[in-house]
Amino acid sequence: MKYIWNIWSIFVLFLILRFVLIVTFPPFTDESLYIRWGQLMIWNPDFRFASILYHSRQPLAFWLFGIGAIVANNPLIGGRLVALLVSIPSFFALYLFMKKSFDQKTALISILLLTISPLAIMFQSLALMDGILFSSTFCIVYLLSEYRLHSKTQILLATGLMLGILLWIKTTALFIITPTIFTALTIFRLSFFNRTKQIVNFLILLLPIILIALLLLLLPNFSKIVSEPGSFIFSLKELMTLPTASWVSNGVYALYGYMTYFTPIVFLFGLIGAYKYRKEKSTTPLIFFALTILFSILLGKIFRIRYILYALIGIIPFTALFLSQTHLIRSVNRLKYIFCIGSSFLISLMLIINPHLFFSLFPENSTLSREREYAYGWTAGDGIQKLIDFIDKTPRSSHERIILFTEDSPGNPSDYVLAKYYFDPTVIISPIDISASSLRSLSQKKGNTPVFVIARSIRVDQTTEPYLSLIQSFSEHDPHEALHLYQLKSP
C-alpha cells in the first residue's frame with residue numbers, strides 16, 4: 001500500500017509540473033506551425049496531407065495536434081495536452097520496466113527522476129514531434145523487456161507496429177528503430193540457439209515496420225519526406241569527408257546540453273551507474289543510450305539537444321540504480337539523494353518559472369546558442385501572448401469583425417495568430433506578403449474599413465513604412481525582431 005501511494009503521489013507531481021509549463025511557456029515556432037497546419041488538415045479534406053507538400057513532414061503529428069487544438073478550443077493548450085497525454089504511458093512503462101528488471105525501490109526512483117527531469121518536462125509538455133517519439137521510447141523498452149521474459153510473438157508484433165507508426169511522425173524515428181533492432185538481436189541471440197528461430201523472430205519484428213512504412217509510399221509527394229532529412233543529417237558522401245570538426249562540436253554540444261538539461265550531478269551518477277551495473281539483468285537502456293548518442297553526434301549536420309533526447313531512457317535507469325544501492329554510511333546515501341533529486345528539481349523550477357533564465361545557461365554567440373531559440377526571439381513567440389491579449393480586448397462582434405493580416409512566413413508570429421483565430425467568427429484573418437506592392441493594393445481596396453497588420457520589425461523597411469501606422473510593439477528580449485501591430489493607412 002505504501003508503494004502504491006508513492007506511485008500516485010509521483011504521478012500527480014508528474015502531471016502538475018508538465019501542466020504548469022503547458023500554460024506558461026511561450027509558443028515555440030515549431031508548435032505554432034504544427035498546430036495551425038494540423039487544424040487546417042483536419043477540417044479541410046483538400047489539405048489532409050498538406051504537411052508533406054508544404055513542410056516535407058509526415059502528417060500524423062499534425063493530425064494529432066490539430067485534433068487537440070480543435071477539441072480544447074485553445075490551439076496552444078490543446079496541442080500541448082496531446083503531448084501530455086502521449087507522455088503518460090511513458091511514466092508507467094518506465095515503472096514497470098524497472099520493477100520487473102530490478103526492484104520496486106529502483107522503479108520508484110526512476111519515475112521520480114523522469115518526473116523532475118528538466119529535459120523530460122520540456123519535451124513532454126510542448127507540442128513537438130520529438131516529445132512524442134521520446135515518450136514512445138519508454139514503451140518500446142518495456143515491450144522489449146517483456147519479450148525477453150516471455151518470448152511472445154504478440155509482443156514483437158506490437159513493438160514493430162509502434163515503430164512503424166513512429167515513422168509516420170518523424171524520420172528521426174530511425175534513431176529509435178536502430179537501437180530497438182540491435183537490442184532485439186541481442187535478445188534473440190541469448191534466447192534462441194536455433195539460427196532459424198532467430199531469423200524468424202527478426203522478420204516478425206521487421207514485418208509491421210516495413211508494411212506501415214510502405215504505406216508512406218502511397219502518400220502524395222512522398223519524395224519530399226525522403227529529401228527532408230538532408231537538411232539536418234550528413235549524407236554518405238559528406239561522411240566520407242570525415243567532418244571531424246562537426247563531430248567534436250556535436251560532442252561538446254551533447255555533453256554540455258545533457259549536463260544542463262539533466263543537471264551535471266544526475267548525468268554523472270547515470271554514467272557511474274552505467275559503468276557499475278552494465279552487466280545487470282537488462283542492457284537495453286545502455287544500448288539505447290550509446291547508439292542514440294553515437295548516431296546523433298556522427299550524423300548531425302545541425303545539432304540540437306532534441307536529437308539525443310531518446311538517450312534519456314539510458315540515463316534514468318542507471319542513475320536510479322546508483323541511488324538505490326545503499327551505502328554503508330547513511331549520511332552518504334542522504335547526500336546522494338539530496339544532490340541528485342534536489343539539483344534536478346531546482347533546475348526544473350528554473351525552467352518552469354523563468355525560462356529565459358534557464359536558457360541563458362546556453363551562451364550567446366556560440367554553437368550552443370541554438371538552444372536559446374526556445375525562449376528568446378521571434379522563434380519563441382516573444383511578445384505573441386501580449387499581442388493576443390491586446391487583440392482580444394479590442395471590441396468586435398460577428399457584425400463588426402476585425403480584419404487582420406499577418407506576415408506570410410512559416411512559424412511565429414504568422415502560424416500562431418492564424419491558429420488562434422482560425423475559428424473566430426469575429427476576426428477575418430489572412431497571411432500577406434509584407435511588401436510595398438501588397439500593402440498598396442490593400443490600402444486601395446480597404447476604403448474606410450480599419451485593417452490591421454502584424455509583422456516583425458525585420459519585415460518592415462522604408463518602402464513599406466508609408467503604408468503602416470504603428471499601434472503598439474510587443475517584445476521583451478529581441479529588439480531587432482520586435483513584434484508590431486500596425487494599422488494599414490494610405491500613404
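Please read these numbers as outputs of a predicted model, since none were measured by experiment.
- In this structure, Y261 and F359 have perpendicular ring planes: the angle between them is above 60°, well past the 30° mark.
- No side-chain donor-acceptor contact under 3.5 Å links Q58 to the backbone of I225.
- In the displayed structure, Y54 atom OH is contacted under 6.0 Å by at most 12 heavy atoms of other residues, nucleotides or ligands.
- Residues meeting the side chain to side chain donor-acceptor pair (under 3.5 Å) test with T260, sequence neighbours left out: none.
- The side-chain contact (heavy atoms from CB on, under 4.5 Å) check on T463 picks up A436, D461, with sequence neighbours excluded.
- Side-chain atoms of W168 come within 3.5 Å of backbone atoms of I212 as a donor-acceptor pair (strictly under, hydrogens ignored).
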Table please: side-chain donor-acceptor pairs of residues 70-79 below 3.5 Å, with sequence neighbours left out.
| unit_1 | atom_1 | unit_2 | atom_2 | d |
| --- | --- | --- | --- | --- |
| N74 | OD1 | L76 | N | 3.3 |
| N74 | OD1 | I77 | N | 3.1 |

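- Residues in residues 422-471 take part in these ring-ring contact (aromatic ring centres under 6.0 Å, His included) pairs, two or more places apart or across chains: W43-F423.
- Counting only distance, with no hydrogens or angles, the side chain of S441 and the backbone of S438 share no donor-acceptor pair below 3.5 Å.
- Of the possible donor and acceptor atoms, none in the side chain of S344 sits under 3.5 Å from a partner among the backbone N and O of C340.
- Side-chain contact between L166 and L60 is absent, with no heavy-atom pair separated by less than 4.5 Å.
- Sorted by first and then second residue, the pairs that involve residues 351-365 and meet salt bridge (charged side-chain N to carboxylate O under 4.0 Å, His left out), not counting sequence neighbours, are E364-R372.
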Q) Passes side-chain contact (heavy atoms from CB on, under 4.5 Å), F175 versus L299? Steps please. A) CA-CA 11 Å; F175 287 169; L299 299 179; 4.0 Å; yes
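- The salt bridge (charged side-chain N to carboxylate O under 4.0 Å, His left out) analysis of residues 60-87, with sequence neighbours excluded, yields the pairs E31-R80.
- Among pairs with a residue in residues 404-425, those fulfilling salt bridge (charged side-chain N to carboxylate O under 4.0 Å, His left out) read R36-D415, R396-D424, E407-R456, E407-R459, at least two apart in sequence or across chains.
- In this structure, the separation between CG on L442 and CG on D433 is 10.5 Å, given to the nearest 0.5 Å.
- Once rounded to the nearest 0.5 Å, the distance linking CG of L485 with CD1 of I391 reads 6.0 Å.
- Residue pairs meeting the ring-ring contact (aromatic ring centres under 6.0 Å, His included) criterion with at least one member in residues 10-36, sequence neighbours excluded: W8-F11, F11-F91, F11-F92, F14-F91, F28-Y374, Y34-F62.
- Rounded to the nearest 0.5 angstrom, L214 CG and L217 CG are separated by 5.5 Å.
- One N or O on the side chain of T159 and one on the backbone of I155 form a donor-acceptor pair closer than 3.5 Å.
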Return all side-chain donor-acceptor pairs below 3.5 angstrom for residues 110-124, not counting sequence neighbours, or 'none' if the list is empty.
| unit_1 | atom_1 | unit_2 | atom_2 | d |
| --- | --- | --- | --- | --- |
| S110 | OG | T106 | O | 3.4 |
| S110 | OG | A107 | O | 2.6 |
| T115 | OG1 | I111 | O | 2.7 |
| S117 | OG | L119 | N | 3.4 |
| S117 | OG | A120 | N | 3.3 |
| Q124 | OE1 | R18 | NE | 2.9 |
| Q124 | OE1 | R18 | NH2 | 2.9 |
| Q124 | NE2 | S90 | OG | 3.0 |
| Q124 | NE2 | S135 | OG | 3.2 |

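- A heavy-atom distance below 4.5 Å is found between the side chains of Y310 and T172.
- Judged as a salt bridge (charged side-chain N to carboxylate O under 4.0 Å, His left out), not a single pair has a partner in residues 205-214 (not counting sequence neighbours).
- Residues satisfying the side-chain contact (heavy atoms from CB on, under 4.5 Å) test with Q385, not counting sequence neighbours, are I388, D389, Y416.
- Between I434 and F405, the closest side-chain pair of non-hydrogen atoms is not below 4.5 Å.
- In this structure, R48 has no salt bridge (Lys or Arg N to Asp or Glu O under 4.0 Å) partners at least two apart in sequence or on a different chain.
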